[in-house]
Each structure stands twice: as structure tokens, then as C-alpha cells.
Amino acid sequence: MRKLLIFFCLVLSIPVFSQEKELSRLLEEIDAAITQSPDYVGKREARITEARNAYASARQTAAKYESALLLYELYRPFVSDSAIFFLREGIRLADEMGDRSEGVRCRSLMALRCSNIGMYDEALLTLDSINIDGLSKEALGEYYRARNNVYNELAYYTHLDNMRDHYYQQAGHYEQLMFETLPPDDPDCFAHRELALNGKGDLDAALKVNDDWMKTVQPGSHPYALVTLYRYLDFKAKGDSLEMMKWLCESVLADVRNGVMDQGSMWELANQLMLQGDIDRAYRYISYTSDCAGRYGSRQRQWQISPLLNEIAKNYKAKSERTTHQLWIMLCAISVLGVLLLGLLFFLHRRNRQLGVARNALHETNAKLAALNEELRSANVQLSSTNEQLAVVNSQLNDANKVKDEYIGRFLALCAQYVDKLDSYRKMVNKKIKKNELADVLQMSKSSEQKDRDVEELNHSFDSAFLHLFPNFVDDFNALLSPEVQIHPKEKDRLTTDLRIFALIRLGIDDSSKIAEFLHYSVNTIYNYRARIKNGSIGNREEFERRVKEIGMPK
């Protein structure tokens with residue numbers, strides 16, 4: 001039952017992991033798209049240049065009118081002032097042709113542009129000047145669309161409750177007329193139906209409208225950016241954080257790759273990333289979209305972006321200050337560690353000299369005892385037995401001295417290497433701080449790669465020294481185990497983690513906490529390793545570690 005439960009948990013976690021991986025991929029694509037933004041903008045400018053040439057070379061008024069409307073469409077999400085200029089040209093040319101419906105259509109589009117960039121008085125004046133009698137259905141639809149948009153904008157930004165209600169009433173009136181006039185597959189009709197369902201909480205129905213809308217646009221196009229933005233709003237209302245972020249990223253990618261300067265999705269993505277704690281990426285995105293808004297020339301978009309830009313900038317500065325403070329703490333800690341290492345080296349040097357004196361004294365004592373034993377051998381058999389025991393003790397002492405010599409030498413060499421590494425690291429951090437390369441220092445401090453290399457180097461040094469002292473340790477250790485649990489390292493001069501634990505026990509370090517500290521494992525992990533190996537021992541498992549400590553000793 002437990003295995004079945006674990007299996008189902010793993011199966012359920014696979015889609016979440018896949019969605020997180022896709023979201024990470026989309027964010028990386030956005031980073032790359034921002035880097036390539038000049039290329040995308042260049043493509044749009046090339047299309048604009050081609051359309052301008054066609055506009056300049058057009059001789060017939062109708063052809064010039066069509067070129068002016070094309071230039072308006074190209075400039076509409078790119079440069080606001082240029083879009084308005086070519087709308088004026090469209091109005092002039094429509095009046096020149098005597099086509100009243102096209103003139104009204106262009107004036108309605110002008111009012112729509114004005115309301116989108118915060119010029120509400122101009123929008124209303126333009127619309128109030130229009131006589132809708134006898135208009136074509138297409139021109140009338142544009143007029144109702146513009147009326148609905150300007151009243152929605154006024155309702156959203158007014159601070160007076162009674163005026164807000166009035167504006168929403170007017171917006172609802174013209175929305176109904178817009179639905180009756182425009183075709184059902186018009187983007188604004190889709191958008192209004194979806195928003196209405198979203199506002200009522202009928203999110204499944206809103207997503208169904210979005211599905212139908214999605215079928216009418218080409219993936220990756222500028223209209224696709226708007227459809228995916230509305231899809232983001234639906235999943236946001238559902239509380240599905242992964243899906244909402246996915247569709248918001250899709251909208252941002254479509255905007256950037258189409259060279260769009262009027263970007264609503266990018267600053268919303270920056271806001272979401274800030275709320276999730278990704279301050280660095282949020283700061284890059286809001287700075288990028290702020291630059292784009294400046295190029296587009298919309299006061300309204302700048303008003304929307306400015307508070308968020310200030311908030312992200314404040315968080316980014318706070319994070320930078322925290323990082324600097326942490327770096328100073330690390331530098332102080334490294335300095336203190338360097339002083340401690342120097343003190344430890346001095347202590348070890350002094351202790352090594354004392355051990356040398358004691359070893360020389362011990363050798364002299366052994367020589368005297370050997371001479372005395374030779375003289376007394378013939379006289380006392382019992383004393384001969386005692387001398388044999390003393391010889392065993394001396395051999396053990398020699399073995400211990402050899403272990404100490406080998407490991408003290410290697411320890412001193414490792415200490416010297418780490419002092420040099422710490423000094424190099426200190427110099428490098430100092431240089432980067434002086435150059436204000438804090439991002440590089442932060443990236444270095446995040447990485448555990450250096451620690452992993454140091455641990456691997458320490459293990460390799462330990463293995464080499466231990467196998468130099470006890471070349472037959474692996475074979476002797478396996479002789480204590482049942483065949484099915486014996487351990488055979490892949491590399492001749494390396495130990496496995498199991499062997500390394502019992503190598504430390506052979507050297508007299510049998511405290512699990514000390515072994516865990518040396519090998520960078522948890523105490524519980526060390527305990528499990530020891531218990532598992534002892535369970536596979538030949539004979540009494542309680543005597544296993546004592547027999548390990550006797551490996552390499554004289555028989």
C-alpha cells in the first residue's frame with residue numbers, strides 16, 4: 001500500500017515538474033528575445049520603410065489612403081505619434097475621396113488612439129463631431145468601439161464614484177451596440193465576452209471563449225499576444241500559478257518578437273516576478289519595458305509603469321545592499337579563518353617537534369630494552385615471554401608513528417594549499433568589489449562547485465595516504481564480510497564511502513559525529529552505513545569493528 005501511494009505521488013508530481021521546466025524555458029527564451037530585440041525592431045522598421053515608400057509613390061488617392069492605413073497599423077503598437085499622424089492622413093484622404101464612412105472610421109480610430117494614450121478630452125471631442133446617420137456598418141462598428149473604449153478608460157481612472165457609475169453605464173450601452181454591429185469574430189467582441197465571463201466568475205466559459213478566439217489568430221503574431229494575455233487573466237482568476245505564468249510569458253514573447261513598443265504583458269510579468277522574489281529578472285524586464293514605453297510615447301503606459309519601476313528598483317537596491325553586507329561578513333569570516341589556520345599550523349609544527357623528540361627517546365628505549373632482553377633471555381623464560389609482548393607493543397607504536405607521520409605531512413601540505421587558495425579567493429573578491437562586479441561575486445558565492453572539488457581532493461588525498469599505509473586493507477576488510485556484501489572499488493587507488501568510513505575506524509576515529517564531519521555526511525547517514533556493513537559480517541557483528549581495527553597489525 002505504501003509503495004502504491006508513493007507511486008501515485010510520483011505520477012502526480014510529473015505534470016507539475018514538466019510545467020515548471022517549461023516556464024523556466026520560456027523565461028530563458030524571453031531573456032534571449034530581449035537580447036535580440038534590436039533585430040526584431042529592425043524587421044518592423046524595414047516593413048515601415050517599405051510601406052512609406054509605397055505611400056510616397058502612390059498616385060491615386062485610394063491607393064495612398066490604403067498605404068496610410070497600413071502605416072497606421074504598423075505604427076500603432078510601435079510609435080504613437082506616427083500612428084496618429086497617418087490616421088490624420090487617412091482622414092484627409094477619405095475626405096478628399098468624399099467617402100464619409102471611411103472618414104468616420106478613421107476619426108473613430110483616432111478617438112480610440114487618443115483614449116488609449118490618456119487624451120480623453122480629444123477623444124470625446126472627436127467622437128462628438130461625428131454624425132452617424134447613413135454610415136456603413138463597418139464605420140458604425142468602429143464608432144461604437146471607440147465610444148465604449150473611451151468611457152471604459154474614463155470609468156477606470158476617475159476618482160469620483162458617481163462619475164464612474166455614469167461612465168460604466170455609457171460604456172455598457174455602447175458595448176451592446178458594438179456587439180450588434182461588429183461581426184462575432186471581431187477581437188474586441190471576443191475580449192469583451194471573455195472579460196464579462198471572467199468578472200462573473202464563470203472561468204470555464206471564459207476559457208472556452210478564449211479557445212474560440214485563439215483559433216482566429218496566428219501563433220506568435222501581435223494579435224496572439226493579446227489573446228494569451230487574456231488567457232493569463234483567466235488562469236490568474238482560477239489561481240493556477242503555473243498556467244497563468246506560462247501564458248503571460250507567451251504574450252511577452254509575441255510582443256518582443258514582433259518589435260512591439262506598447263507592452264502591457266512585460267510590465268505585468270515584471271510585477272509577478274517581483275512578487276515571487278526574482279528581483280534581478282524583474283528589474284531587467286521593467287527597465288526594458290520602460291525604455292519601450294518611452295519610445296512608444298504613451299503617457300498612460302508610463303503612469304502605469306512608474307510605480308512598479310520604483311518598487312522594483314527599491315527592492316533591487318535593498319537586495320544589492322544585503323548582498324554587499326553578506327560579502328563583507330564573508331570577508332571577515334575568511335580573514336578570521338586565515339588567522340586560525342596560521343595558529344593551527346604553528347601548533348602542529350610545535351607538536352610535530354615534540355613528537356619527534358618523543359619518538360627518538362622511544363627508539364633509544366627500545367634499543368636498550370632489546371639489549372637487556374638479549375642478556376636476560378638465557379636466564380629467564382618468563383621474562384622472554386614478556387619481551388615478546390613488549391615487541392608487539394613496540395610494533396604497534398611504530399605503526400601508529402608511521403600513520404601519524406604520513407597524515408601529518410599530508411595535513412600540513414593540505415593546509416598550505418588551502419591557505420594559498422583562501423588568499424587567492426580573498427584577492428579575487430577584493431578586486432571584484434573594487435570593480436563593483438558584485439553580480440559576479442554573488443554568482444561565485446552561490447556556487448558549491450569549489451566546495452565539491454575541495455571535498456573530492458581531500459577524499460583523494462585521504463585514500464592515497466591510507467592505501468599507502470595499508471595496501472591490503474580492501475582485501476583484509478572483505479575477508480571479514482560475506483561474499484554478497486563485499487566491496488570492490490572501481491578504481492585501484494580509491495576507496496568507496498563504506499571503505500572510507502571503516503578506514504577512519506581503523507585509524508581510531510570511531511565516533512560517528514566526527515566521521516560525519518570529516519566526510520561531509522549526516523550522522524544518521526554514517527550510522528546507517530556502519531549498521532548495514534556490520535549486518536553482513538562473518539561471525540559476531542558486535543566484534544566486527546574491533547577486528548577492523550586489527551587489520552594490518554602484526555599477527
Under the 6.0 Å and 45° cation-pi test, does R88 pair with F86? no
Decide yes or no for Q272 and D278: does some side-chain heavy atom of the first lie under 4.5 Å from some side-chain heavy atom of the second? no
So, R25 and E22, do they make that salt bridge, N to O below 4.0 Å? yes
Closer than 4.0 angstrom, basic N to acidic O: yes or no for D262 and R295? no
Mutual orientation of the aromatic rings belonging to Y174 and Y151 [parallel < 30°, tilted 30-60°, perpendicular > 60°]: parallel
Is K236 paired with E268 through a side-chain N to carboxylate O contact shorter than 4.0 Å? yes
Within-4.5 Å side-chain heavy-atom neighbours: Y296 and F78: no
N-O pairing of D234 and R231 below 4.0 Å: no
Is the Y230 to W247 ring centre distance short of 6.0 Å? no
Quick one: does any side-chain atom of Y144 pair with a main-chain N or O of H173 as donor and acceptor, under 3.5 Å? no
Got more than 12 heavy atoms from elsewhere within 6.0 Å of CZ, R47? no
Does CD belonging to E180 count more than 12 external heavy atoms closer than 6.0 Å? yes
For S522 and T525, what are the C-alpha separation, side-chain angles and deciding distance, and is it a side chain to side chain donor-acceptor pair (under 3.5 Å)? CA-CA 5 Å; S522 68; T525 300; 2.7 Å; yes
Can we say R105 and E102 salt-bridge, meaning some charged N sits less than 4.0 Å from an Asp/Glu carboxylate O? yes
Inspect the surroundings of CD in Q36 and state if more than 12 heavy atoms from other residues, nucleotides or ligands are less than 6.0 Å away. yes
Is there a side-chain contact between E66 and L70 (heavy atoms, below 4.5 Å)? no
Let's go through S115 and N149 carefully: what are the C-alpha distance in whole Å and the side-chain angles of both, what is the deciding distance for side chain to side chain donor-acceptor pair (under 3.5 Å) to 0.1 Å, and is it a yes or a no? CA-CA 7 Å; S115 63; N149 187 77; 2.6 Å; yes
Do the side chains of C114 and Y120 get nearer than 4.5 Å, heavy atoms only? no
Using a strict threshold of under 4.0 Å (side-chain N to carboxylate O), is an ion pair present between E175 and R193? no
Pairing of D161 and R164 as salt bridge, 4.0 angstrom limit: yes
Just so I know, are the side chains of I30 and L269 near enough to count as touching, which here means a heavy-atom distance under 4.5 Å? yes
Is any NZ, NE, NH1 or NH2 atom of the basic residue among E250 and K246 found under 4.0 Å from an Asp or Glu carboxylate oxygen of the other? no
Carboxylate-amine/guanidinium contact K208 D212, below 4.0 Å: yes
Side chains of R44 and L74 in contact at under 4.5 Å (non-hydrogen atoms): yes
If you define the side chain from C-beta out and look only at heavy atoms, does anything of L71 sit under 4.5 Å from R52? yes
